[in-house]
Protein chains: 2
Amino acid sequence: MNQPPAPGHPPRRPTIRDVAERAGVSKSLVSLVLGGSSNVSSDRRRAVLDAMAELGYRPNQLARGLSSPHSGTIGVLLNDLRNPWFVELLEGLSATLHAAGVSPVLVDSYTDNRVGRRSVETLLEQRIDGLVVVGTTSEEAALETAIATVPVVLAGTREPALPGADIVVDDDESGARQAAEHLIALGHRRIAHLQGPGEIGRLRRAGYEAAMRDSGLDPWVVAGGMSEESGYEAARRLLAGPQRPTAIFAFNDLACIGALSAAADQGLTVPGDLSLVGYDNTYLARIRHLSLTSVDNGNFAVGLQAGRYILERRETRDLPQRLHLVPTQLVVRGSTGHPPDSA
Amino acid sequence: MNQPPAPGHPPRRPTIRDVAERAGVSKSLVSLVLGGSSNVSSDRRRAVLDAMAELGYRPNQLARGLSSPHSGTIGVLLNDLRNPWFVELLEGLSATLHAAGVSPVLVDSYTDNRVGRRSVETLLEQRIDGLVVVGTTSEEAALETAIATVPVVLAGTREPALPGADIVVDDDESGARQAAEHLIALGHRRIAHLQGPGEIGRLRRAGYEAAMRDSGLDPWVVAGGMSEESGYEAARRLLAGPQRPTAIFAFNDLACIGALSAAADQGLTVPGDLSLVGYDNTYLARIRHLSLTSVDNGNFAVGLQAGRYILERRETRDLPQRLHLVPTQLVVRGSTGHPPDSA
DNA sequence: CTGTTAGCGCTTTCAG
DNA sequence: CTGAAAGCGCTAACAG
């Protein structure tokens, strides 16, 4: 069934039973030590620990997961590794999970789709204790079935709307407002916004519009997207128009970089002729040659809280759905300045 | 032990036994269907499949892994999610694995380190069937113990040198040669190279030097790094010198972008005053506003082959160590042109 | 082709 | 505090 008896040395990995034998105790005692029980004398505990070390013992999580109610793993569904906006989120999440002795199992929805793998299904077969969805994914149907089986938390996205799934995101409306207010404070009046997709796109737009109206300015929204390409196209059209904007607030950093390219194409300097603000404060924004003013969405904090929620739900089903907003922060860099006329 | 009896509806997930009962067959027959055995009449198979669908049955991979010699998972150790050069590699790898019914389990070494998680150790406890190391990692010690237990393949890196671990990489020497030859063909003679770390750094340097010597030019190598920052610093010093180069071949795209910023700082235009070549052909190189000429390292092919190797080793231990080189391809974009004097 | 029987390595009662 | 015993869901012999 398992490893054939092997001629030379036994390739069989040491089990709890080997450890028990070596330490001169029973199987269950070893199990107790493993579980960190306090009902073990320190001598015995030492003996067990020593035996483990000598044998190079490694607990088999498969076996553990099979017999205990928790597998000790949490699935993390990443939407697209190409855009590493989620890295800090993942760090926050990992920190929370690690402290609880839980391992994140990462899967990349985009790649899996391409090769025809059913990411969520695979995770469920692995008996994950919960699922954290990082960023908007297209696996809506799969998530609906998943939530029937395991707790689900959405991090850095508000979609799909799953009854019973907690949501942890940055405060997009407030973040967008900060961005717009920054531009307004610099003296800009013709400030355009490249709207992005989905609920998040709507919220950022709303924050932008509110800030504009508060200052008696007319909102100027055009459809953008979340890619460099879409930002480029949208900005190109804007800048080719008769009364071009003096500032553009893009949906995210990628679209903002697209706008930057469009500006360069028209011979406009940034921020001399045109100011630009992105969103997400990715490492792209930090690249010297781009140096984008951007809204930081506090992703580390988002990850931390998502971890807390999923661990709570692991213990207690039937919690009400929760929404946690993390404050944003505007990071000013080289892509914003006063409008040209005000010079 | 497992799920408490639950008051309302039974939360217990259907097992192979439930399926057998419902389909009116034995447990083992269900197992055979699951395993895709041909020794099952099509009627019975249908019955089993139907029962599974009706029950919403999902095989428990933990249980499967516990009783069969393979767990059906392969660990994938990612070095740093921040630099998404490996995305296509992962796609190739996933394609191979998926075709074999094996699931990749992704872990991020960098994040894990930060939170104090022992990535490799965790994977081994999960009873992975093999480990693919993607990119250079700092977990050398852990890898050495890992290779005693499971097959290891290095993809996109040559380090650490592990006896018995296959290596799949692009042909760095040849790639660097292509980059240098491209610049030479454009008429450049003062071509500097920003050397990167490790074995790969040495190989790229060697390819560059060979191309230079073949054309009777003097190699000009300075220490760089693999980050934007290090590329910036190195290039800044180079460009401040008396006889500055007319072209720079950087270790990778990130360093190349650093060089781009340094050029901008000095008021040099690219490619008018200075030509730049990167390496990895990441999506950064493709960004319009950067538009870097770069060497594509064929990472999809690297991933495919790494998958093949690991699957082979899963079946057959004691294979000799292998090295597979994937051909590179220069992608010319806007950062290279003729040297200024030749205009 | 089918049903029975052992385990895989571990946790968890339940008596000592 | 400790040991024996049962069982998690599944696979893999083994006789029918």
Side-chain angles (χ1 to χ4, degrees), chain A residues 1-5 10-48 52 55 57-73 101 124-127 129 149, chain B residues 1-5 10-21 23-48 52 55-73 101 124-127 129 149:
Chain A
M1 180 180 312
N2 248 341
Q3 311 280 15
R12 207 174 57 72
R13 264 125 83 168
T15 77
I16 201 181
R17 185 200 244 77
D18 301 319
V19 174
E21 201 168 296
R22 174 136 194 158
V25 301
S26 76
K27 256 179 54 178
S28 15
L29 205 249
V30 178
S31 180
L32 286 180
V33 172
L34 231 49
S37 162
S38 49
N39 294 353
V40 181
S41 72
S42 49
D43 315 14
R44 301 271 196 181
R45 162 169 277 122
R46 266 232 67 73
V48 170
M52 284 180 178
L55 259 36
Y57 169 78
R58 243 190 298 265
N60 184 334
Q61 299 295 354
L62 263 45
R64 196 199 283 254
L66 190 55
S67 60
S68 70
H70 292 323
S71 70
T73 57
L124 291 177
E125 292 184 356
Q126 239 95 249
R127 289 300 187 264
D129 294 336
T149 315
Chain B
M1 177 179 316
N2 247 342
Q3 310 279 13
R12 207 175 58 72
R13 262 121 91 163
T15 78
I16 201 182
R17 184 200 245 75
D18 302 319
V19 174
E21 200 169 296
V25 301
S26 76
K27 252 179 58 178
S28 18
L29 206 246
V30 177
S31 180
L32 286 180
V33 172
L34 233 48
S37 162
S38 49
N39 292 353
V40 181
S41 72
S42 48
D43 314 13
R44 301 269 197 183
R45 161 169 279 122
R46 265 232 68 75
V48 170
M52 286 179 176
L55 259 35
Y57 168 78
R58 243 190 297 265
N60 184 334
Q61 299 295 353
L62 264 44
R64 195 200 284 254
L66 190 56
S67 59
S68 72
H70 292 323
S71 70
T73 58
L124 291 176
E125 291 184 356
Q126 235 96 251
R127 289 300 189 264
D129 294 336
T149 315

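Proteins get letters first, then strands, A, B, ... in listed order; numbering begins at 1 in each. This structure is a prediction, so every number in the text was calculated from the model and none was measured.
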Nucleotide nearest Val25(B) when distance is taken to its side chain, options dG3(C), dG9(D), dG3(D): dG3(C)

Candidate list Glu125(B), Gln126(B), Arg127(B), test side-chain contact (heavy atoms from CB on, under 4.5 Å), partner Asn60(A), passing option: Arg127(B)

Nearest-neighbour nucleotide for the Ser26(A) side chain, dT2(D), dC10(D), dT11(C) considered: dT2(D)

Per Ser41(A) side chain, nearest of listed nucleotides dC1(D), dT2(C), dA6(C): dC1(D)

Which nucleotide in dT11(C), dA12(D), dT11(D) has an atom nearest any side-chain atom of Ile16(A): dT11(C)

Of the listed nucleotides dT2(C), dC8(D), dT11(D), the one nearest the side chain of Ser67(A): dC8(D)

Nearest-Å distance for atom pair CG/P, residues Asp43(B) and dT2(C): 9 Å

Non-hydrogen atoms of Leu62(B) and Ser71(A) that approach each other most closely: CD2-CB, 4.2 Å

Sugar-phosphate only, base, or nothing, as touched by Ser28(B) at under 4.0 Å among non-hydrogen atoms: base

Length of the line joining Gln61(B):CD and dT11(D):P, which is rounded to integer Å: 8 Å

Atom pair distance, as rounded to whole Å: CG in Leu32(B) and C1' in dT11(D): 9 Å

Atom-pair distance (NZ on Lys27(A); P on dG9(C)), nearest Å: 10 Å

Nearest-angstrom distance from the residue atom CZ of Arg17(A) to P of dC10(C): 10 Å

Proximity to the side chain of Leu29(B) - top-ranked nucleotide from dT2(C), dT12(C), dA6(D): dT2(C)

N or O in side chain of Arg44(B) less than 4.0 angstrom from dC1(C) OP1/OP2: no

Integer-rounded Å distance: dC8(D) C1' and Arg13(B) CZ: 13 Å

Any Arg64(B) side-chain N or O less than 4.0 Å from OP1/OP2 of dG9(D): no

Student check: side-chain heavy atoms of Val48(B) and Leu32(B) closer than 4.5 Å: no

Touch class at under 4.0 angstrom, heavy-atom based, for Leu62(A) against every strand present: nothing

Sugar-phosphate only, base, or nothing, as touched by Ser31(A) at under 4.0 Å among non-hydrogen atoms: base

